[in-house]
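Data block below; observations after.
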Amino acid sequence: MSSTSTLIQFRLNGEPVALQVEAYTTLVEVVRGCGLHGARESCGQGLCGCCTVVVDGQAVTGCIHPAMHVDGCDVATVESLEQDGQLDPVQQAFIDAGAFQCGFCTPGFILMSRQLLRDNPDPSEHEIRHHLAGNLCRCGAYPEIVRAVTLAAERLRAPTKT
């Protein structure tokens, strides 16, 4: 441990975490170090969205977000969406629509899509494309991703059967 390290405490997918981090440690390094590998570092410049993590309800690019800034925060990764063995409707829609090829960017797209549908349950195709513009898919699966978000929106708006 160096003299520049800082103790941070936060909740990661609902579980308390306490870690010593260096000033230069990024959030994606911390979540991956905690065994959660959904967020991936790709560009290292906050440009591609592969490292998307949600901090206190807002999506951030984990590759440029200093880990020490999450002290006292709630941090959620794509792994938080599955509950009791059931995929989140957005995750299921990505599978059903074939909205990935290599899958490297998929967790970031799913988290951003979940955020969009939380704030706008009936987005237009333009709104979907605009909201996801900060996420890059090197395979070019954009049409399927838009279809997946539209499908997830339809499923989330559908009345639940009791």
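The basis for the numbers below is simple: all heavy atoms, side chains too, and nothing from hydrogens, waters or symmetry mates. Along the sequence shown, residues carry numbers from 1.
To the nearest 0.5 Å, atoms NE2 (His131) and CG (Asp119) are separated by 7.0 Å. Rounding to the nearest 0.5 Å places SG of Cys51 at 11.0 Å from CD of Gln45. The CG atom of Leu7 sits 5.0 Å away from the CD atom of Gln20 when rounded to the nearest 0.5 Å. Within the model, atoms SG of Cys63 and CG of Leu27 stand 10.0 Å from one another, a figure rounded to the nearest 0.5 Å. A distance of 8.0 Å separates CD in Glu22 from CE in Met68, rounded to the nearest 0.5 Å. To the nearest 0.5 angstrom, Ile128 atom CD1 is 13.0 Å from Met112 atom CE.
Under 3.5 Å, the side chains of Thr26 and Glu29 contain a donor-acceptor pair of N or O atoms. Looking at Asn120 and Glu127, their side chains do bring a donor and an acceptor atom within 3.5 Å of each other. No side-chain donor from either of Arg129 and Ser124 sits under 3.5 Å from a side-chain acceptor of the other.
When side chains are defined from C-beta on, Val54 counts as touching Leu111, because their heavy atoms get closer than 4.5 Å. Using a 4.5 Å heavy-atom threshold, the side chains of Tyr142 and Leu136 count as touching. Using a 4.5 Å cut-off on side-chain heavy atoms (C-beta onward), Gln91 and Ile95 make no contact. In this structure, the side chains of Arg138 and Cys48 come closer than 4.5 Å at one or more pairs of heavy atoms. Inter-residue side-chain proximity for Leu132 and Val149 is flagged as met; some heavy-atom pair is nearer than 4.5 Å. At least one side-chain heavy atom of Arg32 sits under 4.5 Å from a side-chain heavy atom of Arg40. Contact check for Ser113 versus Phe94: side-chain heavy atoms found under the 4.5 Å cut-off.
Annotation for Pro89 and Leu156: closest pair CG-CD2, 3.5 Å, computed over non-hydrogen atoms. The two residues Cys34 and Leu19 have their closest heavy-atom pair at SG-CD1, 4.1 Å. Nearest heavy-atom pair across Asn135 and Gly49 is ND2-O, 3.4 Å. When all heavy atoms of Ala39 and Thr52 are compared, the pair lying nearest together is CB-O, 4.0 Å. Of all heavy-atom pairs between Phe10 and Val70, the closest is CB-O, 3.2 Å. Contact record, Cys50 with Cys105: SG-CA, 3.9 Å, taken as the closest heavy-atom pair.
Formation of a donor-acceptor pair under 3.5 Å by the Arg157 side chain with backbone atoms of Pro121 is found in this model. Side chain of Asp88 to backbone of Glu82: no donor-acceptor contact under 3.5 angstrom is found. Side chain of Asp56 to main chain of Asp74: a donor-acceptor pair is present (N/O by atom type, distance under 3.5 Å, no hydrogens or angles). Distance alone, capped at 3.5 Å, is enough to place a donor-acceptor pair between the Arg118 side chain and the Gly57 backbone. Under a 3.5 Å cut-off, the side chain of Arg114 and the backbone N or O of Val90 do not form any donor-acceptor pair. Using a distance-only test at 3.5 Å, with no hydrogens or angles considered, no donor-acceptor pair links the side chain of Arg11 to the main chain of Val75. Side-chain N or O atoms of Gln83 include one that pairs as donor or acceptor with a backbone N or O of Ser80 at under 3.5 Å.
Cluster annotation: Val55 is connected to Val31 through the hydrophobic network of ILVMFWY side chains, with a link wherever side-chain heavy atoms come within less than 4.5 Å.
Using bins of under 30°, 30° to 60° and over 60° for the plane-to-plane angle, the ring pair His126/His130 lands in the parallel bin.
Crowding of His37 atom NE2: a count of heavy atoms from other residues, nucleotides or ligands under 6.0 Å exceeding 12.
By the side-chain hydrogen bond (donor to acceptor under 3.5 Å, both in side chains) test, Arg155 is found to be paired with Asp96, residues two or more places apart in sequence or in another chain being considered. The side-chain hydrogen bond (donor to acceptor under 3.5 Å, both in side chains) test applied to Glu79 returns Thr77, not counting sequence neighbours.
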